[in-house]
Structures are given as structure tokens and as C-alpha cells.
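It should be emphasised that the depicted structure is a prediction, and the values quoted were computed from it without experimental measurement.
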Amino acid sequence: MNLRSSPADGPSTPSERPPLPKDRSARWDHVLNLLASSKRLSVSEVAAELGISESTVRRDFMEMERAQLVRRTHGGIVAIDVAYSLATVPRATDENSAQREAVADFAASLVEPGQIIGFNGGRTTTATSRRAVARPDIDSRDGSPGLTVVCAALNIATEAVLRPSVRTVVLGGVAEPYSFELTGPLATATMRDLWLDTMFVGTVGLDIDAGLTCNSDSEAGVTRIMIGHSRRVVGLATADKIGHRALAGICPVSVLTDLIIAGPVPDELRAHLAEASVRLHEV
């Protein structure tokens, strides 16, 4: 990307070009002006544009993100208005993406037309929701929705609401900045009045003793209520989650009715699932 003006846009010679900003405040203004049009910038582009070191640019980017002016990505920054959409797109370099997509494919196949289904936040639940609402047999009949999706995460709601045959229910509350999950008293109060046929639960960790865990106790609290208000509870996991414990407990493994896993399943976990009468689906 050429960040400097073309001859048709105005002065381009060193003597005619306005002096480049040197102090931090002026640098930030310059970067934000560039970002307003390009929507994303790399470290190398800004370093070349401003004639400063890449380490200085990286430090600026870190401080700008702390100030909530931009969102950092690998090798650069994006404007806040596109950071959300980037976060919902599967990362091509993610080594577990193939397993995650396999889990999502199978999970979406469990959905039946007309059901009320719920999702907590996460990439696997996002992928599952995306497939479920796009199924060709999900269609409105006699004025009733083809599917009702109860969303604890804003990004899932944004995709679901685009489907005319899908009724989208969004919990209230405070949105977490990275997971997009809605938390707090408003979210829990809303969920206490709702009931689900199937709840799909994404997890950061899956451990026999700790159960399903995530990084936020607030998120875990909302997910627990959704689980308690569902007939069927389907855990979604890839093999890298097995044996890992995150900060907050969502639920014991025995609370699940089904567990979908991509990748090898340890014998100890397999036995625990059988003892707890949890249906194991290996994909």
C-alpha cells in the first residue's frame, strides 16, 4: 500500500510535502487519518511513511489500543469499526481450524427445524450457529420461525438476524470486548425467563475434575443459566482443550447430554463420559 499522495493528489516532492509528525500526539493523529481511509495499516507501512523505527510504531500501536482508538492484529492495526468483523472470521493460520469446522458441521446437523437453540460465545459456537441458520430446511412455516436462536454473544446475533426465517433473541447486559459475550444482571435476568431445546456450549478447557471452563466468571455465570434452562446440552471441543483448565467453571462434564470432540479422546475421559451417560460424538 502506498500511503503517500500521488502527483494528482497534490505536492509529492520532499520540498513541497508537509513535514512528517515527530511527536507522539501528531504521529497518532497522522496514523488515525490514514486509518480512516485504509481501515488497516501494517507496522512496516507506518514506519516507512513516518520515517521512524518499527519498534516505535509497535509501541504506538500498543498504546493506541490501550486508549481504545484501534485494535491490534498480527503485524499491524485495524480501525475499530472493522475489528469486530475480523474477530468473527476463522483464522487461516489456526492449526485447529479444521477440527473446529468438523465439530461445527456435526453440531449443526443436530438442530431440528422449529427448535429453540442457544449459544455462548466462541469460535466453535460461532461456526456452529453460522451453519445451523444457513441450513436449507430451516424455513418459516405458517408464520412461525424456522429456528429461534438465543444468543449470549453479539457476533452470533449479528449473523443470525440476517436470516429472515430465524428469530434472533439477544440477551441484555454488558458486552465483553474480546468474546462479544453479554454478561451481568441484565443478561442473567433475561435468560431466567427463557427456555431452550438445545444449548451448544463452547469451552476454553475440558477437564474431568474441573469440567468445562472459560476465562471469565461473568461469562460462565450466564452460560450456566442457559444450560439450566435447556433440555439438551451439547459440549463442543477440539482435542487441544482436553486436560486444560481455565479460570472459571462453566459446568461439570456430567451435566452435558452430548459432547462433540474432534481429535483423539483419552481413555480416561471416554470412561468418564460413559459413566455419566454423556453421548460422545467423535468427528
Side-chain angles (χ1 to χ4, degrees), residues 1-98 100 121-124 126-127 153-156 158-159 174-184 202 204-205 213-219 238 240-241 244-248:
M1 180 190 299
N2 181 10
L3 300 179
R4 298 185 185 279
S5 301
S6 65
D9 294 328
S12 60
T13 63
S15 60
E16 296 172 318
R17 188 182 301 120
L20 293 173
K22 294 299 183 182
D23 65 279
R24 191 181 71 166
S25 178
R27 283 200 313 269
W28 286 21
D29 285 344
H30 191 74
V31 168
L32 290 174
N33 284 333
L34 295 173
L35 196 61
S37 58
S38 66
K39 297 299 182 183
R40 67 188 69 200
L41 296 170
S42 71
V43 171
S44 58
E45 287 169 346
V46 174
E49 166 73 10
L50 299 181
I52 57 179
S53 69
E54 292 192 359
S55 62
T56 298
V57 175
R58 290 191 186 93
R59 186 164 57 250
D60 278 352
F61 285 0
M62 289 177 62
E63 294 174 356
M64 291 172 77
E65 184 181 50
R66 289 195 193 102
Q68 301 183 22
L69 297 173
V70 302
R71 178 68 59 82
R72 281 193 300 158
T73 62
H74 180 69
I77 54 173
V78 296
I80 290 294
D81 60 346
V82 299
Y84 164 81
S85 61
L86 286 176
T88 66
V89 175
R91 287 174 274 185
T93 57
D94 184 353
E95 61 183 12
N96 297 310
S97 61
R100 185 178 304 109
R123 284 179 289 169
T124 308
T126 297
L154 290 174
N155 61 314
I156 293 177
T158 300
E159 292 195 33
V174 178
E176 298 292 325
Y178 294 103
S179 69
F180 308 111
E181 288 200 56
L182 295 160
T183 63
V204 173
T213 55
C214 66
N215 292 320
S216 166
D217 59 337
S218 297
E219 293 174 10
T238 49
D240 60 301
K241 306 293 179 65
H244 177 68
R245 296 183 181 186
L247 170 68

Contacts of type side-chain hydrogen bond (donor to acceptor under 3.5 Å, both in side chains), residue Ser44, not counting sequence neighbours:
Ser42
As a quick check of understanding, evaluate side chain to side chain contact (heavy atoms under 4.5 Å, CB included) for Leu50 and Val57, giving each step before the final call.
CA-CA 9 Å; Leu50 299 181; Val57 175; 5.7 Å; no
Determine, step by step, whether Glu219 and Ser179 satisfy the side-chain hydrogen bond (donor to acceptor under 3.5 Å, both in side chains) criterion, reporting the C-alpha distance in whole Å, the side-chain angles of both residues, the deciding distance to 0.1 Å, and the verdict.
CA-CA 9 Å; Glu219 293 174 10; Ser179 69; 2.6 Å; yes
Could you tell me the separation between the OG1 atom of Thr124 and the CZ atom of Arg100, rounded to the nearest 0.5 Å?
5.0 Å
Please confirm whether the backbone N or O of Val43 pairs with a side-chain atom of Glu54, one donor and one acceptor, at under 3.5 Å?
no
Looking at residues at least two apart in the chain, or sitting in another chain, which of them share a salt bridge (Lys or Arg N to Asp or Glu O under 4.0 Å) with Arg59?
none
Glu45 to Arg40 - nearest heavy-atom pair and separation:
OE1-O, 4.5 Å
Side chain Thr183, main chain Val174, donor-acceptor under 3.5 Å:
yes
Spacing of His30 atom NE2 and Asp60 atom CG [to the nearest 0.5 Å]:
12.0 Å
For Asn215, give me all partners under side chain to side chain contact (heavy atoms under 4.5 Å, CB included), at least two apart in sequence or on another chain.
Val204, Ala246
How long is the straight-line distance from OG1 of Thr126 back to CG of Asn155, given to the nearest 0.5 Å?
4.0 Å
For Arg72, which residues count as a side chain to side chain contact (heavy atoms under 4.5 Å, CB included) partner, sequence neighbours excluded?
Phe61, Met62, Glu65, Ile77
